[in-house]
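Before any comments, here is the structure.
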Amino acid sequence: MTVQRFDVPSRFAAGAQFTGGLLGSGSTGRTHAVIDPATGEHVLSYELAGAADVDAAVEAARRALPEWAGATPGERSDAMHRWAAVLHERTDDFVFAESIQCGKPLKLSQEFDVPGSFDNVSFFAGAARSLPGVAAGEYSGDHTSYVRREPLGVIGSVAPWNYPLQMAAWKILPAVAAGNTIVLKPSELTPLTSLMFAEAARDAGIPDGVINIVTGAGPDAGEALVGHPAVAMTSFTGSTAVGKRVAEIATGTVKRLHLELGGKAPFLVFDDADLTAAVHGAVAGALINSGQDCTAATRAYVQRPLYDAFVEGVAELMREVRVGDPFAHGTDLGPLISHAHRDRVAGFVARARSYATVVTGGEAPGGELAKGAYYLPTLVTDAPQDSEIVQQEVFGPVLAVLPFDGDDEGITLANDTPYGLAASAWSRDVFRTGRAEREIQAGCVWINDHIPIISEMPHGGYKASGYGKDMSAYSLEEYTQLKHVMYDTTGEARKDWHRTVFGDH
Ligand code: NAD
């Protein structure tokens, strides 16, 4: 498994902002470095965007709006199909850029992030032509009523670093398919593939200004975008803590708000489950993207008869996972996004040693890997349900396993965190899985699997994991607003209902 590399500084010599169809520089005078987390080496230095750059990007999006909103769904769909074709020609560039900026093993970028994002483009190219509506009718008796579904205007989106390309796709695609224009702020740690995604759209003929990227810091460019008076809707993916701040700012300007926040997914194993499948599912579900996945399996609850064998099986499989250079053949697990984040994850595990057992992992690897932001797959047992490692989002390759006795207890424990993004239940009994599916409070419940997503189906949270859906036709609806149109069918100057205001009739 190899990939063609390109020279990142010369590719982004103009800067890491994309406004009105052109790559350019930020205007804050502050530079930021994209770092390869596997080596600690510089990938790119660029000038950050601030409020003035956000203003310029919003203005470009505002100017592009009438033409794009006025295009027919078929025209928008054609342009997006061309965009998908351009992206496919550039697959290798996207795989390389996503892996170098995030430390993702090539096989993850190549088989998950990049094809999944490109499939999203094709899905929304089709969905652009099939916005659902309701039948027209004479509901009052004297009027014909129907509903128009219209774009909102300029969308302001903010995205995290864990799946930069997929998050850019999830934000941009439903917005532009529905006829909006957009300004996206990716994480300043990982701007490369968002910029390349927007460039490919331009090269496919999507008009300048429809998609704009501002790369700046959250409290600076992020807040300027979220609070911008010309932005009609804020769509945010990130942590629950920042989501609360974003909600406060957006509320001040009465914007539509879409929040995709943190998660702490439970992994519920009943005693009739296929143990081998559950062990494999738990390790894959906990370690995907080095555990930096909002839906990752983070707390496994295992019914007592299977508990010991499950812990043993997970520990054994975790020790087999090959941690290493993301670009080397055979690497399963890459580094975390940064040394600072690795230290944060390590802090959770270090504190857990005082109240729980670290069965395997619990440290950074040495040798060649010591210079990267690596952390070994880690299994924690004996942690109390109310401990921080069970309740808070660690966002690293760390799985806590807890036992339970009755089915009621298992479901209660699965629901016992503030989050509700995703969950899985493992059993061969349809009545048990049916109950889990109904009673677990989460936006997605997998049965006998954990992690797969698909363009046709919605992704989004319950509880403190936010509200709003990404992907699927449901997300397309969220980027539109409904207008009720009511035609008088009587032609009367004095309508029957006027008697409630004047005269007796
Ligand atoms: P984060 O909340 O720190 O940052 C997310 C984005 O918000 C970044 O672009 C950041 O620059 C920006 N930001 C920071 N402060 C801001 C402010 N005051 N105003 C406006 N923008 C601001 O999250 P992160 O560390 O980048 O990503 C990890 C988090 O994202 C995890 O909590 C994870 O669960 C969550 N996530 C959720 C989903 C989902 O679909 N629910 C998907 C991926 C990641």
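- Two residues are said to be in side-chain contact when any heavy atoms from C-beta on lie closer than 4.5 Å; F270 and T433 fail this criterion.
- For Q391, the side-chain contact (heavy atoms from CB on, under 4.5 Å) partners are Q385, D416, T417, P418, not counting sequence neighbours.
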- Message: Is there a side-chain contact (heavy atoms from CB on, under 4.5 Å) between F236 and V242? Walk through the geometry before answering.
- Response: CA-CA 9 Å; F236 172 82; V242 175; 3.5 Å; yes
- Starting from the C-alpha separation in whole Å, work towards a yes-or-no answer on salt bridge (charged side-chain N to carboxylate O under 4.0 Å, His left out) for R63 and E59. CA-CA 6 Å; R63 276 200 308 272; E59 180 52 25; 3.5 Å; yes
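- The residues D203 and R82 are annotated as not salt-bridged, no charged nitrogen and carboxylate oxygen being separated by less than 4.0 angstrom.
- With sequence neighbours left out, R11 forms a side chain to side chain donor-acceptor pair (under 3.5 Å) with E199.
- No salt bridge links D142 with K495; every basic N to acidic carboxylate O contact stays at or beyond 4.0 Å.
- The backbone N or O of L192 lies less than 3.5 Å from a partner atom in the side chain of Q101, making a donor-acceptor pair.
- A salt bridge links R245 to E248: at least one charged side-chain nitrogen sits closer than 4.0 Å to a carboxylate oxygen.
- With hydrogens and angles disregarded, no donor-acceptor distance shorter than 3.5 Å links the side chain of T144 to the backbone of E138.
- Side chains of E478 and H258: a donor on one and an acceptor on the other come within 3.5 Å.
- Between the side chain of N415 and the backbone N or O of E439 there is at least one donor-acceptor pair closer than 3.5 Å.
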